[in-house]
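Below is one structure, written out as structure tokens; comments come after it.
Numbers restart at 1 for each chain; the letters A, B, ... are given by sequence-line order, proteins then strands. Source: prediction; values computed, not measured.
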Amino acid sequence: MPELPEVESVRRDLITRVQGNKVTWVEPLLPRMVKCGTLDDIVGVEFTSINRRGKFLFIDTSGEMTVYIHLRMSGTLVWRKGIEDNPSHIRIVIGFQNGRLLFRDPRTLGGIWINRKGEHPWKKMGLEPFDDNLTPEVLQKLLVKRSIPIKTALLDQGTIAGIGNIYASEILFDAKIDPRRPANSISNGELLKVLNSTRTILNAAIEANGTTLKDFKLSNGRGGEFANFLKVYAKKEEECYICKSKIERIVQSQRSTFFCPSCQTN
DNA sequence: AGCGGAACCTGTCGGC
DNA sequence: TGCCGACAGGTTCCGC
């Protein structure tokens, strides 16, 4: 479910809920979602800062451990301050004196890692989209041996961190590039367009608190507003707002891709 | 090394 | 109403 803008929105939201708070109790209702370490190791420590890398949230603590959270497809974090019953599909509970943070995840694909400081759970992670070191030249070097479609390459977290299925389609529409083109056929000038579109779209999506199509919610239960600004994603058979052609849906790497066959011809 | 496809899960929705 | 396949904001693993 959540891509970079959604995770970033969750991060900003969490700062207002749990930054500076001390964990007083934990409850791993679905233990297999604790991917590494044990929740017991964070009882008694303070959450000192809430950070993000790609689609991972990570929380620095006053103790020895860092808490990493990945929401995968259907994860959300829910804040409850009273003693009401939990909503459905709560897998992990992190309790504080003033409330509790609930990791809700119907599909149970998400996870939490309790790692020693500096030991992150990801193997390969590209530069952050807003990193000044991310240039067309860097991208070209990453893609030169890759014959997979550019859309699929954008989903690879080793290319640019944080892009997912919605924004990959939106970015390529904005850059006017055919999602089916081999990644290593994209010129430097076009990679600059991809980069600019990535930044424009992710920025706008963060400002809108992300995209809520169905499940995505912030800890207060509210969704993001960027669905109102999507140009192609989930718009099969609708008219392209620029040229009035019908938006098409194709499948690449077992995922939906949406694009305008007339605007994205290069 | 790079690629395609299956696997991991559960829920929902549309068609017949 | 009920069943069944398609589909869902993601990643990892396995064989070629």
Side-chain angles (χ1 to χ4, degrees), chain A residues 1-11 29-36 52-57 68-77 87-92 103-113 120-126 129 141-172 180 182-185 198 201-202 204-206 208-218 222-237 249-258:
Chain A
M1 160 190 84
E3 309 178 36
L4 187 150
E6 291 73 38
V7 178
E8 177 61 20
S9 300
V10 170
R11 186 188 76 81
L29 297 172
L30 185 58
R32 67 174 160 78
M33 282 181 54
V34 182
K35 303 295 184 183
C36 183
R52 182 192 57 71
R53 179 78 172 94
K55 298 172 195 169
F56 278 89
L57 288 164
Y68 295 86
I69 295 174
H70 202 301
L71 301 170
R72 290 284 183 98
M73 292 288 264
S74 60
T76 57
L77 297 173
S88 59
H89 310 299
I90 301 305
R91 313 304 188 190
I92 307 274
F103 192 166
R104 179 174 190 272
D105 188 3
R107 293 177 68 181
T108 76
L109 295 169
I112 183 166
W113 291 253
H120 57 247
W122 56 84
K123 308 184 308 289
K124 205 178 54 156
M125 184 80 82
K141 208 167 182 179
L142 286 170
L143 300 178
V144 67
K145 288 180 180 156
R146 312 215 60 183
S147 59
I148 54 172
I150 182 63
K151 153 63 161 42
T152 304
L154 288 179
L155 290 184
D156 183 341
Q157 299 302 289
T159 308
I160 301 176
I163 297 175
N165 207 40
I166 293 179
Y167 299 109
S169 283
E170 294 295 319
I171 287 163
L172 291 174
R180 297 166 293 191
N184 57 6
S185 77
T198 296
I201 291 192
L202 295 185
I206 291 168
N209 283 319
T211 300
T212 295
L213 294 174
K214 220 166 110 35
D215 296 325
F216 173 68
K217 296 283 193 321
L218 294 177
R222 298 194 58 186
E225 304 300 323
F226 197 70
N228 299 324
F229 302 98
L230 296 175
K231 302 292 196 294
V232 290
Y233 187 84
K235 304 213 177 286
K236 184 186 176 187
E237 297 296 308
R249 172 187 180 273
I250 58 174
V251 175
Q252 300 178 292
S253 302
Q254 315 171 83
R255 315 291 306 277
S256 290
T257 299
F258 298 88

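- Proximity of a side-chain donor or acceptor of A:Lys55 to a complementary backbone N or O of A:Arg53 within less than 3.5 Å is not detected.
- Checked against B:dA6, C:dG10, B:dG2, the side chain of A:Glu3 finds its nearest nucleotide in C:dG10.
- A residue-by-residue look at A:Ser256 and A:Gln157 shows that A:Ser256 has its nearest nucleotide of DNA chain C further toward the 5' end.
- Interatomic distance, CD1 of A:Ile206 versus CD1 of A:Ile201, reported as 12.0 Å (0.5 Å rounding).
- Per the geometry, CG belonging to A:Leu71 stands 16 Å off C1' belonging to B:dC9, to the nearest Å.
- When the P atom of B:dC13 is taken as reference, atom CG of A:Leu213 falls 13 Å away, rounded to whole Å.
- Comparing the same atom, P, in C:dA8 and in B:dC3 gives a spacing of 23 Å after rounding to whole Å.
- The listed nucleotides are B:dC9, C:dG10, B:dA6; the one nearest the side chain of A:Arg107 is B:dC9.
- Residue order along DNA chain B, read from the 5' end via each residue's closest nucleotide, puts A:Gln254 first among A:Gln254 and A:His89.
- Note: A:Leu202 CG to A:Phe226 CZ = 8.5 Å, rounded to the nearest 0.5 Å.
- For A:Lys141 and B:dG2, the NZ to P distance is 14 Å, given to the nearest whole Å.
- Separation of the P atoms belonging to C:dC7 and B:dC9 is 22 Å when rounded to the nearest angstrom.
- Nucleic acid contact for A:Lys124: none, since no nucleic acid atom lies under 4.0 Å from a heavy atom of the residue.
- Judged by Watson-Crick or G-U wobble contacts below 3.5 Å, the nucleotide B:dC9 has no partner.
- Rounded to whole Å, the distance from CG on A:Leu155 to P on C:dA8 is 12 Å.
- A:Trp122 and A:Phe56 have tilted rings, their planes meeting at an angle from 30° to 60° on a 0 to 90° scale.
- Results of the side-chain contact (heavy atoms from CB on, under 4.5 Å) test with A:Ile92 over A:Leu29, A:Ile69, A:Val34, A:Leu30 single out A:Val34 as the only residue that passes.
- Ranked by how close their nearest DNA chain B nucleotide is to the 5' end, A:Leu109 and A:Lys214 are led by A:Leu109.
- A straight line from CD of A:Glu6 to P of C:dG10 spans 9 Å, rounded to a whole angstrom.
- Looking at A:Arg255, its side chain has no donor and acceptor atom pair within 3.5 Å of the base of C:dA8.
- Minimum atom distance to the side chain of A:Ser147 is reached by B:dC3, of the listed B:dG11, B:dC3, C:dG10.
- Atom-to-atom, CE of A:Met33 to C1' of C:dT11 comes out at 14 Å; the value is rounded to the nearest Å.
- Closest approach to the A:Lys145 side chain among B:dG4, B:dG2, C:dG10 is made by B:dG2 (side chain taken as heavy atoms from C-beta onward).
- Closest to the side chain of A:Arg249, from the set C:dA8, C:dG10, B:dT12, is C:dA8.
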